[in-house]
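Every chain is numbered from 1 and lettered A, B, ... according to where its sequence line falls, protein lines coming before strand lines.
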Amino acid sequence: MRIIQQNKDIILTSCRHFDIKRSFECGQCFRYEESEDGLFTLIAFGNIVRLRQTGDTIIFYDMDKDEFEKIWLGYFDLDRDYESVITELSFDEQFCLASEQACGIRIFRQDGWETLCSFIISQNNNIPRIKKIISALCGLLGEPISTGVNAFPTAESILSAGVEGLAPIKSGFRAKYLIDAAEKVVNGTVNLNELGRMDYKEAKETLMRIKGVGEKVSDCALLFGFGFHQAFPKDVWVKRVLDKYYGSDFDPNYFGENAGIAQQYLFYYERNILSKTKTNT
DNA sequence: AGCCAGGGTCTGC
DNA sequence: GCAGACCATGGC
């Protein structure tokens with residue numbers, strides 16, 4: 001992969017292991033839109049990013065190199081060698097099948113607070129509606145960053161809204177969980193800045209102090225928002241894979257330190273490929 | 001109309 | 001530790 005500044009854009013070439021469509025559509029990120037001509041618009045860290053992929057070339061529009069290296073290199077996990085990660089995980093037969101169909105998925109390193117809230121909202125919910133609720137939350141309480149676009153709201157802002165104040169976003173029973181998360185982050189019961197210094201187990205337990213955060217939500221936040229690549233979220237799709245091929249005694253340690261990456265490929269394979277092609281038996 | 005969705009809590013055994 | 005009811009909402 002090479003990074004080139006061309007006029008006002010950043011161009012990545014030879015991106016064998018970065019498929020932006022699959023990476024966005026694999027259920028890790030909710031603040032993006034794809035327009036009909038293949039343009040993706042992402043809102044993250046108070047910025048709006050527009051990007052498009054043609055073959056193995058990706059263009060980041062109106063982006064300067066300093067900003068790219070400071071924020072987006074890390075966000076898109078571009079320092080990680082996915083080739084060797086995939087080779088490492090390929091001892092497993094199901095992963096091999098999945099990685100052929102899900103090639104190019106990368107795990108984004110998103111904002112921790114936003115990721116935590118996003119996956120609190122995700123519980124017992126579907127992806128289109130998760131996106132809607134998050135968008136409404138930002139519109140209601142986020143700081144404007146452009147016309148009609150707001151950043152993700154701070155914990156203080158959500159806390160001051162209260163459960164009643166969140167009513168317009170129609171998050172249902174999850175509103176009280178968002179408030180509890182905001183409260184514990186503001187009062188220090190959960191210090192998100194310390195999570196990175198903890199081991200996986202301690203970080204997971206810390207997030208689970210929040211009401212509405214169980215094992216799965218905690219794992220998603222750790223994997224997509226805090227860089228814990230051994231976190232292995234088990235949602236209904238992943239459980240289907242585990243039931244079909246691995247048995248009830250499956251332990252994520254089977255996949256090692258990058259179990260979370262394996263999980264993401266299996267999730268995408270089951271949800272976006274298998275469930276749409278099989279003739280029901 | 002009923003089931004499902006990147007689940008968790010609470011209660012009862 | 002495990003099963004089941006319940007939780008809001010919208011798409012199909």
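Comparing A/Ile127 and A/Gly212 by the nucleotide of DNA chain B that holds the closest heavy atom to each, the one mapping nearer the 5' end is A/Ile127. Heavy-atom nearest nucleotides on DNA chain B were determined for A/Trp237 and for A/Tyr177, and the one closer to the 5' end corresponds to A/Trp237. Comparing A/Gln123 and A/Lys170, the nucleotide of DNA chain C nearest to each residue sits closer to the 5' end for A/Gln123.
Checked against B/dG7, C/dA8, B/dG6, the side chain of A/Val217 finds its nearest nucleotide in B/dG7.
Under 3.5 Å, the side chains of A/His229 and A/Glu257 contain no donor-acceptor pair of N or O atoms.
To the nearest whole angstrom, the two C1' atoms, one in B/dC4 and one in C/dC6, are 16 Å apart. A distance of about 16 Å separates the P atoms of B/dG2 and C/dA5, rounded to the whole Å. Look at the P atom in both B/dG8 and C/dG10: the space between them is 22 Å, to the nearest Å. Distance check on atom C1': B/dC3 versus C/dA8 gives 15 Å, rounded to whole Å.
In this structure a side-chain-to-backbone donor-acceptor pair under 3.5 Å is present from A/Ser23 to A/Gly104. A donor-acceptor contact shorter than 3.5 Å is absent between the side chain of A/Arg209 and the backbone of A/Ala181.
In this structure, A/Lys131 forms a cation-pi arrangement with A/Tyr32, its terminal cationic atom sitting closer than 6.0 Å to the ring centre and no more than 45° off the ring axis. For the pair A/Arg106 and A/Phe18, the cation-pi criterion (under 6.0 Å, within 45° of the ring axis) is fulfilled.
Rounded to whole Å, atom C1' of B/dG7 lies 15 Å from atom CD1 of A/Ile210. Separating the CZ atom of A/Arg174 from the P atom of B/dG7 is a distance of 9 Å, rounded to the nearest angstrom. Look at NZ on A/Lys211: it is 17 Å from P on C/dC7, rounded to the nearest Å. Distance CZ (A/Arg129) to C1' (B/dG6): 14 Å, rounded to an integer number of Å. The nearest whole Å value for the distance from the CG atom in A/Asn272 to the C1' atom in B/dG6 is 11 Å. Remark: C1' of B/dG8 and CD of A/Glu215 are 11 Å apart, rounded to the nearest angstrom. The interatomic distance linking A/Asp249 (CG) with C/dG1 (P) rounds to 18 Å, in whole Å. With rounding to whole Å, A/Lys176 atom NZ is found 9 Å from B/dT9 atom C1'.
Using a 4.0 Å heavy-atom criterion, one finds that A/Ile133 contacts no nucleic acid atom at all. Among the heavy atoms of the strands lying under 4.0 Å from A/Cys26 is at least one base atom, whether or not backbone atoms are also near. At a threshold of 4.0 angstrom between heavy atoms, the contacts of A/Phe224 include nucleobase atoms, whether or not backbone atoms are also involved. A/Arg271 comes within contact range of the sugar-phosphate backbone alone, with a heavy-atom separation under 4.0 Å but no base atom that close. Residue-level contact check: A/Gly214 touches the backbone only, with heavy atoms under 4.0 Å from sugar-phosphate atoms and none from bases.
A/Phe60 and A/Leu39 fall into different hydrophobic clusters, defined by Ile, Leu, Val, Met, Phe, Trp and Tyr side-chain heavy atoms under 4.5 Å apart, directly or through other members.
By the 5.5 angstrom centroid cut-off and the 30-degree plane limit, A/Phe267 is classified as stacked against the base of B/dG6.
An OP1 or OP2 oxygen of C/dG11 is reached within less than 4.0 angstrom by a side-chain nitrogen or oxygen of A/Lys132.
The base of B/dG6 lies outside donor-acceptor range of the side chain of A/Glu270, with no N or O pair under 3.5 Å.
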